[in-house]
Amino acid sequence: MPIPESSFWFDVFPRDPLSHKYVRHVLKSLLPFVGVGIAVYVLDRFTPVTMDIGIAPYEMAGAVLGVFLVLRTNSGYDRWWEARKLWGGITNQCRSMATAAAAYGTDPVWKAEIICWITLFAHATRRHLRGEHELPEAMRLLRGPLAAEVPRSPHPPQMIAMHLARLLREGSESGQLPDAILMQMERDRVSLLDYMGGCERIVKTPIPRAYNTIIRQFLVLFLVTLPFGIIQKVTWMTPFVTAFVGFPLLALDEIGTELQNPFALSQVNHLPLGQICQTIEDNLRELLPPAKQD
């Protein structure tokens, strides 16, 4: 799918609701630290107590904290990019399997059926990864009792893969598929299950919680004590400088958390699985016999 066009100011002031939600969440997390900055300034200004502890410790601590946050963000991006590569594999295998069925199958009914089931596999995998239990695409792509039976399955993609195996066996027994093509299509079917399993691994294996906890404890300690290090240099600007330093740090922390689950619709940077599945369906519909496209 094409990379969307953008501009500098469009990224600075995004219009989509999820981006606004993301910024609001970061600002909400920032408010307590700004409050600490205000309190430190008030105490330093109106009491005889000296609040300054020097900026030197924060120069080193800030560098270490930045490294930790970047490492976690990179870990999250690796998961996001791996998920995109897995879905690229699903897209390619669906096309490969459907093309072979359309090219070598001689029964139009069999060809239309197997292509519809391949299309449904992509939709079912998308909804399975997002924890959605409805599968309206089944009623649109299938006929008969199976259209209602597939969504009730504990694992719809696996049930669809099983039915694809039955269709391949039927194609072989009817003499439509040469042995070499049958073996290739079976490899494509197994690859679909492998890619789906890779996506399930990402969903069910989050980044270790201890990793997130330690980084966030360090981040909170840094931002809570930061006003004590800058109060003598910036005086009344202490709350603003705290916000200026804290926003990118908290944003990096939030990005690292967001990228852990690239499939959830609640995440700003979720993969566009709906568009990917629609592309698969459009490509595969072109392979259907003309009478089955309406």
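Positions are given from 1, in the same order as the sequence printed here.
No more than 12 heavy atoms of other residues, nucleotides or ligands lie within 6.0 Å of CZ in F68, so this atom counts as exposed by the packing criterion.
Under a 3.5 Å cut-off, the side chain of S29 and the backbone N or O of H25 do form a donor-acceptor pair. Judged by distance alone, with hydrogens and angles left aside, the side-chain atoms of S174 form a donor-acceptor pair with the main-chain N or O of G171 at under 3.5 Å. Proximity of a side-chain donor or acceptor of R79 to a complementary backbone N or O of I202 within less than 3.5 Å is detected. The backbone N or O of L69 lies less than 3.5 Å from a partner atom in the side chain of T73, making a donor-acceptor pair. Looking at R130, its side chain never comes within 3.5 Å of a backbone N or O of R126 through a donor-acceptor pair.
With Q217 as the fixed residue, the side chain to side chain contact (heavy atoms under 4.5 Å, CB included) test singles out one of I215, T213, L219, L221: T213.
Counting heavy atoms from C-beta outward, V203 and E200 have side chains that stay 4.5 Å or more apart. The shortest distance between side-chain heavy atoms of W110 and L177 falls below 4.5 Å. In this structure the side chain of D44 reaches within 4.5 angstrom of the side chain of Q232, judged on heavy atoms. Considering only heavy atoms from C-beta on, T119 stays 4.5 Å or farther from R140 through its side chain. The closest side-chain heavy-atom distance from W117 to L141 is not below 4.5 Å. Counting heavy atoms from C-beta on, the side chains of P272 and W87 never come closer than 4.5 Å. Residues C94 and L192 form a side-chain contact, since some pair of their non-hydrogen atoms from C-beta on lies under 4.5 Å apart. Annotation: side chain of F33 is not in contact with side chain of L249 (no heavy-atom distance under 4.5 Å).
For the residue pair R216 and T257, a side-chain donor N or O sits within less than 3.5 Å of a side-chain acceptor on the partner.
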Would you please test T225 and V36 for side-chain contact (heavy atoms from CB on, under 4.5 Å) and show each step?
CA-CA 8 Å; T225 59; V36 172; over 6 Å; no

Give the C-alpha distance, both sets of side-chain angles, the deciding distance and a yes or no for side-chain contact (heavy atoms from CB on, under 4.5 Å) between I90 and L86.
CA-CA 6 Å; I90 291 175; L86 290 169; 5.7 Å; no

Set out, in order, the CA-CA distance, both residues' side-chain angles and the distance that settles side-chain contact (heavy atoms from CB on, under 4.5 Å) for H123 and I160, then state yes or no.
CA-CA 11 Å; H123 288 295; I160 295 170; over 6 Å; no

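F240 and W236 have perpendicular rings, their planes meeting at more than 60° on a 0 to 90° scale where under 30° would count as parallel. H128 and H155 have tilted rings, their planes meeting at an angle from 30° to 60° on a 0 to 90° scale.
Using a 4.0 Å cut-off between charged side-chain N and carboxylate O, K85 and E82 make no salt bridge.
Both L27 and V224 sit in one connected hydrophobic cluster of ILVMFWY residues. Membership requires side-chain heavy atoms under 4.5 Å apart, directly or through other members. By the rule that hydrophobic residues join a cluster once side-chain heavy atoms approach within less than 4.5 Å of another member, L252 and W81 end up as members of one cluster. Grouping the Ile, Leu, Val, Met, Phe, Trp and Tyr side chains by contacts below 4.5 angstrom, directly or via other members, places V220 with V67.
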